Amino acid sequence: MRKKIVIILLIISAVLFFVFRNKNSEVKTSNVQKGNIKEELVLSGEVTATNYAKLSFETSGKIIYVGVKEGEKITKGRLISKLDSTVLNSSYQIALSNLRIYDATAQNILDQVKDNSNDETFAQKDLRTTAEANKDKAYEAVITAKRNLDGASIYAPFNGIVTYLLHPFTGVYTSLGIVEAEIIDPTTMYLNVLADQTEVTKLKKDQKVKILLDSFDGKEFEGKVANISFTPKIGESGSVYAVKVEFKNIDLTNSQFKIAMTGDAKFVISEKENVLYLQNNFIKQDKLGSYVKIDKKQKKIYIKTGIESEENTEVIGDVKEGLVVYD
């Protein structure tokens, strides 16, 4: 009985061996086809916006006013948030008062020496110059105080939507430089991609682009090249250039696009119609050049290649439409 089991197992093993050997020995084939082919350049990037700002106070202090909510549409110049400016306003008013004092003094001195423009003594010149300099310093102090006072308020730099508020309430302290609010104008969103020095020369302004965002599986959006940077991007290794790709025929405000979404931009570099082409993996290379195999015995036909798409390559030479080639 044990011998029969062993024999049966050997037979099964032999059958499986021949089945898998024949399966693995199957040679893949393809046919030379005729049609249109596009050479495309695919660059990756992410969504950003021309009008996108992170806003901070220029001083530290206590928030006494918040005039917006997250998600609210606002217009340029709208007051978003404000700090207690009692001390800053006091400094500004003192600066204005000092300016009035030094201005009056300077006017008085100038009136005293007005008849001595041709024979002004060194003492008169010293008196006049000191008065004028004090007035100038007082004026600069006013500018500084006013700048500090203005820095206690945050205003919308453009029309847009408030997407973030660190403190949507009053009565809390905040520090200099902390991002207090973010605002974006969705209509200015675009895809920012990077091209190296060998790729950027293939692109041009107003070139049509197909955009594929990772968040929208399989969906293509129309776009065009709006700008190509003349200088490489700082912080990137090698010479890498930013390419601004605008969305076309899309209601960006209601598009569900978000800042920092990633995706690809497909640029058509060249296109040919009615040419012979073959799947890329069926074109082989040796020291003599490119070739295709036309039978299982490895018979070769050497060819030249033209433009290449993601899947297919144009073939030129002694080949015809429908020719069967082997992998």
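Note that this is a predicted model, so its numbers are computed, not measured.
A salt bridge does not link Glu180 with Lys54: none of the charged nitrogens is closer than 4.0 Å to a carboxylate oxygen. Ion pairing of Lys114 with Asp111 is present here, as a side-chain N (NZ or NE/NH1/NH2) and a carboxylate O approach within less than 4.0 Å. Of the charged side-chain nitrogens involved, at least one lies within less than 4.0 Å of a carboxylate oxygen, so that Lys224 and Asp206 count as a salt-bridged pair.
No more than 12 heavy atoms of other residues, nucleotides or ligands lie within 6.0 Å of NZ in Lys38, so this atom counts as exposed by the packing criterion. Residue Gln256 places its CD atom among 12 or fewer non-hydrogen atoms of other residues, nucleotides or ligands, all under 6.0 Å distant. The 12-atom threshold is exceeded at OH of Tyr65, counting heavy atoms of other residues, nucleotides or ligands nearer than 6.0 Å. Atom CZ of Phe169 is surrounded by more than 12 heavy atoms from other residues, nucleotides or ligands within 6.0 Å.
The side chain to side chain contact (heavy atoms under 4.5 Å, CB included) test with Leu194 singles out one residue from Glu46, Glu199, Lys233, and that residue is Lys233. Between Val209 and the options Val193, Val245, Asp264, a side chain to side chain contact (heavy atoms under 4.5 Å, CB included) holds for only Val245. For the pairing with Ile183, the side chain to side chain contact (heavy atoms under 4.5 Å, CB included) check across Ile161, Ile74, Thr163 returns one residue only, Ile74.
Considering only heavy atoms from C-beta on, Lys82 stays 4.5 Å or farther from Ile154 through its side chain. For the pair Glu222 and Ile211, the minimum side-chain heavy-atom distance is 4.5 Å or more. Using a 4.5 Å heavy-atom cutoff, the side chains of Asn134 and Thr130 are in contact. In this structure, the side chains of Asn312 and Leu278 stay at 4.5 Å or more apart for every pair of heavy atoms. By the 4.5 Å heavy-atom criterion applied to side chains, Tyr164 and Val179 are counted as neighbours. Residues Val268 and Gln207 fail the side-chain proximity criterion, which asks for heavy atoms closer than 4.5 Å. Considering only heavy atoms from C-beta on, Gln93 comes within 4.5 Å of Leu96 through its side chain. For the pair Thr262 and Leu213, the minimum side-chain heavy-atom distance is 4.5 Å or more.
Legend: residues meeting ring pair (Phe, Tyr, Trp, His ring centres under 6.0 Å) with Tyr52, ordered by chain and number and at least two apart, are absent.
Rounding to the nearest 0.5 Å places CG of Asp318 at 5.5 Å from CD1 of Ile301. Considering OH of Tyr241 and CG of Leu43, their distance stands at 14.0 Å, rounded to 0.5 Å. One finds the OG atom of Ser309 at 11.0 Å from the CD atom of Glu271 (value rounded to the nearest 0.5 Å). Note that the CD atom of Glu132 and the CD atom of Gln107 stand 9.5 Å from one another [nearest 0.5 Å]. We find the OG-CG distance between Ser60 and Leu83 to be 8.0 Å, quoted to the nearest 0.5 Å. Here the CG atom belonging to Asp84 is positioned 11.5 Å from the CD1 atom belonging to Ile63, to the nearest 0.5 angstrom.
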(request) Begin with the C-alpha distance, continue with both residues' side-chain angles, and end with the deciding distance and a verdict on side chain to side chain contact (heavy atoms under 4.5 Å, CB included) for Phe221 and Asn249. (result) CA-CA 9 Å; Phe221 303 95; Asn249 305 319; over 6 Å; no
(request) I would like to know whether Val292 and Lys284 meet side chain to side chain contact (heavy atoms under 4.5 Å, CB included); could you show each step before the answer? (result) CA-CA 6 Å; Val292 294; Lys284 311 298 181 182; over 6 Å; no
(request) With side chain to side chain contact (heavy atoms under 4.5 Å, CB included) as the test, would you mind laying out the steps for Lys244 and Thr50 before giving the verdict? (result) CA-CA 10 Å; Lys244 181 178 180 181; Thr50 303; 3.1 Å; yes
(request) Would you sort out whether Lys272 and Glu314 count as a salt bridge (Lys or Arg N to Asp or Glu O under 4.0 Å), showing the intermediate values? (result) CA-CA 9 Å; Lys272 285 187 178 180; Glu314 178 189 5; 3.2 Å; yes
(message) side chain to side chain contact (heavy atoms under 4.5 Å, CB included), that's the test. Do Thr48 and Leu191 meet it? Break it down for me.
(response) CA-CA 6 Å; Thr48 185; Leu191 184 69; over 6 Å; no
(request) Tell me, with the steps shown, if Glu40 and Lys202 meet salt bridge (Lys or Arg N to Asp or Glu O under 4.0 Å). (result) CA-CA 10 Å; Glu40 295 180 326; Lys202 300 176 182 179; over 6 Å; no
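Aromatic pair Phe282/Tyr326: centroids not less than 6.0 angstrom apart. You'll find the ring centres of Phe257 and Phe216 inside the 6.0 Å limit. Checked against a 6.0 Å centroid threshold, the rings of Tyr139 and Tyr102 do not count as neighbours.
For the pair Gln124 (side chain) and Thr121 (backbone), a donor-acceptor distance under 3.5 Å is present. At distances below 3.5 Å, not a single donor-acceptor pair connects side-chain atoms of Asn274 with backbone N or O atoms of Gly35. Without hydrogens or angle criteria, Lys293 side chain to Asp327 main chain gives a donor-acceptor distance under 3.5 Å.
Of all the heavy atoms in Glu72 and Lys69, the pair that sits closest is OE1-N, 2.9 Å. Shortest non-hydrogen contact noted between Asn51 and Thr188 is N-OG1, 3.0 Å.
When hydrophobic clusters are built by joining Ile, Leu, Val, Met, Phe, Trp and Tyr residues whose side-chain heavy atoms come closer than 4.5 Å, directly or via intermediates, Leu323 is grouped together with Ile283. Under a hydrophobic clustering in which Ile, Leu, Val, Met, Phe, Trp and Tyr are joined whenever their side-chain heavy atoms come within less than 4.5 Å, directly or via other members, Val32 and Ile307 fall into different clusters. Under a hydrophobic-cluster definition in which Ile, Leu, Val, Met, Phe, Trp and Tyr are linked whenever side-chain heavy atoms come within less than 4.5 Å, directly or via other members, Val275 and Val315 are assigned to different clusters. Hydrophobic clustering of Ile, Leu, Val, Met, Phe, Trp and Tyr side chains at less than 4.5 Å, counting indirect connections, unites Ile250 with Ile184.
When only modelled atom types and interatomic distance are considered, Arg100 and Ser97 share a side-chain donor-acceptor pair under 3.5 Å. A donor and an acceptor atom, one from each side chain of Thr75 and Asn159, are nowhere located under 3.5 Å apart. Looking only at atom types and distance, the side chain of Lys62 has no donor-acceptor partner in the side chain of Thr170 under 3.5 Å away.
Because its NZ or CZ atom is both nearer than 6.0 Å to the ring centre of Tyr291 and within 45° of the ring axis, Lys300 counts as a cation-pi partner of that residue.
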